[in-house]
Amino acid sequence: MKVLIVSHNPFSTYQNMGKSMLALFSQFRREELCQLYIYPSIPNVDACSSYYRITDKEILRSWLKSVSGKEVGWKEEACQLFEDSKDEEIYRNRKNKSPLRILLRDFLWKTSRWFSKSLRNWIEKEKPTCIFVAPGQAKFLYKIVQKISKRYHLPIITYICDDYYFVESPKSLL
């Protein structure tokens, strides 16, 4: 068995979801795990055989050319949420939680060329037998998992935690 883990954040000891995944998969060997994630950070634990990352910046660039994403290595000394300090300003902007920006982000991912040859080659090299997804509030992550599942005939296991289970009533039409 090999699990493809799809989430926002990578396995890590410096943020909550990374720690949760470390606990959930603590009995797995690294050869049984691979991870696709979207946050501009670096894993700081050797928990997976391979990590693959596609960021929002790459999605924006995909309007001009095919987005590739890339395989990312883990670094024990990586203990920051952002690989690049410039990303922190962008990702921590309170306006990113507005309904309009959330819809725009979902639209950008939906219409981008994220399912690149590079990603397909990586999935085929890793040969997962199932997908474990920790989606958060972003709709596009569900679509990513559905596409991969359909293409490679992989069952999906979903893990919903924290405040993503209890959703506030909308305050506006958006």
Calculate, to the nearest 0.5 Å, the distance between atoms [atom1] and [atom2] belonging to [X] and [Y] respectively.
X	Y	atom1	atom2	value
Ile59	Arg105	CD1	CZ	9.5 Å
Lys110	Leu103	NZ	CG	11.5 Å
Lys19	Leu24	NZ	CG	14.0 Å
Ser116	Glu58	OG	CD	9.0 Å
Glu31	Ser50	CD	OG	12.0 Å
Leu36	Ile123	CG	CD1	6.5 Å

Non-neighbouring partners of [X] that pass ring-ring contact (aromatic ring centres under 6.0 Å, His included), sequence neighbours left out:
X	answer
Tyr51	none
Tyr142	none
Phe140	Trp109

Judged by atom type as modelled, is there a donor-acceptor pair below 3.5 Å linking the side chain of [X] to the main-chain atoms of [Y]?
X	Y	answer
Ser12	Gly18	no
Arg53	Glu71	no
His8	Pro135	yes

So which atom in Ile42 and which in Tyr37 form the shortest heavy-atom distance, rounded to 0.1 Å?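 That would be CA-OH, 4.0 Å.
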
Looking at every non-hydrogen atom in both residues, tell me the closest pair between Gly69 and Ser118 and how far apart they are.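 Smallest heavy-atom distance, with atoms named: O-OG, 4.4 Å.
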
For Lys2, which residues count as a salt bridge (Lys or Arg N to Asp or Glu O under 4.0 Å) partner, sequence neighbours excluded?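 Once residues adjacent in sequence are excluded, the partners of Lys2 under the salt bridge (Lys or Arg N to Asp or Glu O under 4.0 Å) criterion are Glu126.
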
Evaluate side chain to side chain contact (heavy atoms under 4.5 Å, CB included) for Glu32 paired with Val3, printing each intermediate quantity in order. CA-CA 6 Å; Glu32 297 174 305; Val3 183; 5.9 Å; no

Heavy-atom distance under 4.5 Å between the side chains of Pro43 and Cys48, does that happen here?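 Heavy-atom side-chain distance check fails, nothing below 4.5 Å.
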
Are Ser7 and Tyr159 linked by a side-chain donor-acceptor pair shorter than 3.5 Å?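 No, no side-chain donor-acceptor pair sits under 3.5 Å.
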
In terms of side-chain heavy atoms, does Asn44 have a donor or acceptor partner in Thr13 at a distance below 3.5 Å?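 Note: Asn44 and Thr13 side chains meet the donor-acceptor criterion.
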
What's the verdict on side chain to side chain contact (heavy atoms under 4.5 Å, CB included) for Gln35 and Leu4, showing C-alpha distance, side-chain angles and the deciding distance? CA-CA 6 Å; Gln35 185 178 27; Leu4 168 58; 5.9 Å; no

Run the side chain to side chain contact (heavy atoms under 4.5 Å, CB included) check on Leu119 and Tyr52 step by step: do they pass? CA-CA 8 Å; Leu119 175 58; Tyr52 194 94; 3.7 Å; yes

Residues, nucleotides or ligands: over 12 heavy atoms within 6.0 Å of Gln27 CD: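 Check fails, neighbour count at 12 or below.
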
For Lys125, look at atom NZ and say whether over 12 heavy atoms of other residues, nucleotides or ligands are found less than 6.0 Å away.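 Enclosed.
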
Enumerate the ring pair (Phe, Tyr, Trp, His ring centres under 6.0 Å) contacts for residues 16-36, please, sequence neighbours excluded, ordered by first and then second residue.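 For residues 16-36, and leaving out neighbouring residues, the ring pair (Phe, Tyr, Trp, His ring centres under 6.0 Å) pairs sorted by first residue read Phe25-Phe28, Phe25-Phe132.
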
Please report, to 0.1 Å, the donor-acceptor pairs under 3.5 Å made by any side chain of residues 144-158, with sequence neighbours excluded.
from: Ser149; atom 1: OG; to: Leu154; atom 2: O; distance (Å): 2.5
from: Tyr152; atom 1: OH; to: Glu124; atom 2: OE2; distance (Å): 3.0

